[in-house]
Amino acid sequence: MENIDYARVFGEIADLLEIQGANPFRIRAYRNGARTIETLSQPIESLLADEEARLEDLPGIGKDLAGKIRELHETGELNFLNELRREVPASLVQIMHIPGLGPKRARQLWDGLEITSVEELEEAAKAGALEELPGFGPTLQERILKGIVELKARAGRFKLADADIYVHPLLEYLRKAGGLADLEVAGSYRRRCETVGDIDILATSSGESPLMDHFVAYRDVQEVLAKGPTKSSLRLKGGLQVDLRLVPRESYGAAMAYFTGSKAHNIVIRGIGRERGLKINEYGVFEGERLVCGRTEEEVYAAIDLPWVPPELREDRGEFDAARAGRLPESLRLDDIRGDLQMHTTYSDGRQSAAEMVEACRERGYEYMAITDHSPSLAMTGIKAEDFERQYAEIDELQEKHDDIRILKSCEVDILEDGSLDLGDDILALMDFVVIAVHSKFNMSRADMTRRITGAMRHPKVNALAHPTGRLINRREPYPVDVEELVKVACDQGLMLELNAQPDRLDLRDFHLQMAREAGVKIVISTDAHRAAELDYMRYGVDQARRGWLERADVGNTYALEEFLKLLEK
DNA sequence: GCCGTTTTCGGCCCGACTGTTTTCAGTCG
């Protein structure tokens with residue numbers, strides 16, 4: 001079982017307990033446990049195998065949860081969960097995913113109308129049967145019907161880059177409202193999470209502002225979900241929900257901290273405040289009734305003797321210890337990046353020529369780049385074996401013309417089913433930089449896939465492993481692979497692991513990056529651009545790297561050309 | 001259910017908005 005499987009079990013237990021009306025703190029304990037496991041930088045399985053390691057040392061995992069983890073590990077199931085499922089229909093959990101319905105109303109639907117599934121709920125709502133229940137009016141019934149339609153239509157959360165498409169024009173529009181002092185996005189968007197559930201925008205005004213009226217009059221509004229003087233919510237036509245809050249100027253920092261989250265980070269902040277007799281909320285830091293500070297985030301952190309924490313690190317994944325010790329990572333910046341090491345041209349499935357890609361990289365001020373067309377085994381897509389000579393001659397010509405950028409001869413070499421490479425040593429010998437990746441046969445066992453990839457990694461010519469888990473956000477799960485083992489082999493072989501910056505890949509994930517950093521494995525952030533404009537995906541890679549605690553020295557393509565080339569020596 | 005340099009018991013973040021009802025419970029973040 002993967003960490004995520006353990007986390008899902010605890011999440012389901014929490015949901016079912018919630019419907020039962022169990023002690024809220026007991027429910028939270030399961031959610032905390034799920035979160036700890038999900039974001040662990042190593043597999044639970046390896047902890048279980050380690051004599052030294054104690055599950056109980058993990059935050060939020062006590063004797064009970066540790067016991068349940070062991071039971072799951074040993075038997076593949078959990079008695080407690082099976083019992084719960086006998087008591088509460090598991091399909092009720094789906095009902096809670098409909099906006100407006102929580103555990104209490106789910107329970108009401110079950111008790112009052114024997115509704116246990118979304119389908120039954122839809123039927124009952126269409127028949128107007130929900131109004132029989134106390135607290136269920138016609139508005140709520142309508143909302144539920146709409147929610148069901150949306151639940152079916154909307155597959156998961158918005159990718160960060162997709163959200164960006166909506167956020168920039170909206171901000172531009174909101175700035176025209178007049179009377180505004182500040183306007184910024186908070187929430188998971190500001191933390192640069194790979195996906196966002198909604199957009200939280202924060203504003204302050206210097207006096208009367210027509211902001212809320214202006215907001216709900218936006219051209220792309222599909223539905224106004226709520227409108228008040230300090231908080232309004234709407235859904236945009238693309239389906240993205242946007243919350244806007246107006247706070248007093250003196251509370252801006254406190255509100256920014258509060259609405260940036262994460263929730264887990266905020267709970268710790270408030271806890272530290274409470275220890276010092278301070279109440280910290282979205283309006284400021286208070287001593288009794290007296291406002292101590294709150295104008296800036298720095299003030300809020302300073303009130304509890306911490307340095308300002310970059311939003312990308314606010315996940316309660318060690319940032320508090322690091323902050324106290326003065327060891328917060330120095331966040332990577334986009335302009336630290338000196339080269340892009342995965343991109344495609346018309347030789348394979350790219351849309352633009354090598355000359356155009358070189359020009360685009362020069363425009364971005366890069367010192368070096370690698371042209372990495374797919375290898376021949378990708379039928380219809382890969383570069384033809386006989387074309388290597390021609391492409392590399394073309395690169396030589398381009399190199400002649402430009403002395404301000406080094407063009408590395410390369411290839412994204414396919415890892416075949418048996419772990420061998422798609423190209424022979426004669427062609428590999430022509431390359432300055434060799435990237436390998438899996439593109440087919442995803443349905444192998446975890447052990448076989450890990451063996452396949454690590455086998456390829458051991459080839460002496462290989463420099464980097466691209467998109468190591470193969471996942472596509474919201475579309476495809478990662479293929480089963482032991483990332484910890486990949487990190488280990490990368491370390492042994494002096495290989496770099498790629499952080500693929502395509503917005504639907506972002507592969508490796510943030511906690512994998514932390515794992516690699518701790519092992520001393522260098523990461524290379526590459527856009528995998530298939531056209532020049534996609535070179536700008538680099539910013540999403542840098543965002544993800546920041547979430548993974550990477551500093552400049554951890555990232556291969558922040559090194560100057562000569563140092564970078566030295567990293568390739570084995 | 002977890003946690004602990006005030007505690008092994010008694011805490012555990014808390015305010016805004018909605019729909020419903022008539023003073024507030026439920027949901028959400």
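Each chain gets a letter, A, B and so on, in the order its sequence line appears, and its residues count up from 1. As the structure is a computational prediction, the values presented were derived from the model and not from experiment.
Regarding A/D64, its CG atom lies at a distance of 21 Å from the P atom of B/dT8, rounded to whole Å. Nucleotide B/dC2 holds its P atom 15 Å from the CZ atom of A/R31, rounded to whole Å. A straight line from CG of A/L65 to C1' of B/dC3 spans 13 Å, rounded to a whole angstrom. Atom CG of A/D243 and atom P of B/dT27 are 18 Å apart (whole Å). Atoms CD1 (A/I199) and P (B/dC28) sit 19 Å apart, rounded to a whole Å. Atoms CD1 (A/I98) and P (B/dG26) sit 18 Å apart, rounded to a whole Å. For A/D15 and B/dG1, the CG to P distance is 16 Å, given to the nearest whole Å. For the pair A/F259 CZ and B/dG29 P, the computed distance is 12 Å after rounding to whole Å.
Residues A/R547 and A/D543 are not paired through a salt bridge, judged by the lack of any N-O separation under 4.0 Å between the basic side chain and the carboxylate. Ion pair A/D305/A/R324 not flagged as a salt bridge, since none of the NZ, NE, NH1 or NH2 atoms sits closer than 4.0 Å to an Asp/Glu carboxylate oxygen. With salt bridges taken as basic N to acidic carboxylate O contacts below 4.0 Å, none links A/E18 and A/R105. A salt bridge links A/R471 to A/E194: at least one charged side-chain nitrogen sits closer than 4.0 Å to a carboxylate oxygen.
Comparing the C1' positions of B/dC2 and B/dT7 gives an interatomic distance of 14 Å, to the nearest angstrom. Taking atom P in both B/dC14 and B/dC9, the straight-line distance is 25 Å, to the nearest Å. Separating the C1' atom of B/dC17 from that of B/dG11 is a span of 29 Å, rounded to the nearest Å. The gap from the C1' atom of B/dT6 to that of B/dG1 amounts to 23 Å, rounded to the nearest Å. Distance noted for atom C1' between B/dA25 and B/dT20: 9 Å (whole Å).
Across all strands shown, A/P59 has heavy atoms under 4.0 Å from sugar-phosphate atoms exclusively, and none from any base. Looking at heavy-atom distances under 4.0 Å, A/Y30 makes contact with sugar-phosphate atoms alone, never a base. Among the heavy atoms of the strands, none lies under 4.0 Å from A/I269. Using a 4.0 Å heavy-atom criterion, one finds that A/I13 contacts no nucleic acid atom at all.
Paired with A/R191 under the rule salt bridge (charged side-chain N to carboxylate O under 4.0 Å, His left out), one option of A/E312, A/E319, A/E315 passes, and it is A/E315.
B/dT8 is unpaired under the criterion used here, namely a Watson-Crick or G-U wobble arrangement in which both key atom distances are under 3.5 Å.
Position along DNA chain B of the nearest nucleotide to A/K104 versus A/E56 favours A/E56 as the more 5'-ward residue.
No donor-acceptor contact under 3.5 angstrom links the side chains of A/N79 and A/E77, judged on distance only. Side-chain atoms of A/K159 and A/Y540 form no donor-acceptor pair, as typed in the model, at a separation below 3.5 Å.
For B/dT22, the base adopts the anti conformation, since its glycosidic angle falls more than 90 degrees from zero.
Judged as a ring pair (Phe, Tyr, Trp, His ring centres under 6.0 Å), not a single pair has a partner in residues 108-148 of chain A (not counting sequence neighbours).
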Footprint string (nucleotides 12-22 of chain B, 5' to 3'): B base within contact, S backbone only, - free, heavy atoms under 4.0 Å = BBBSSSSSS--
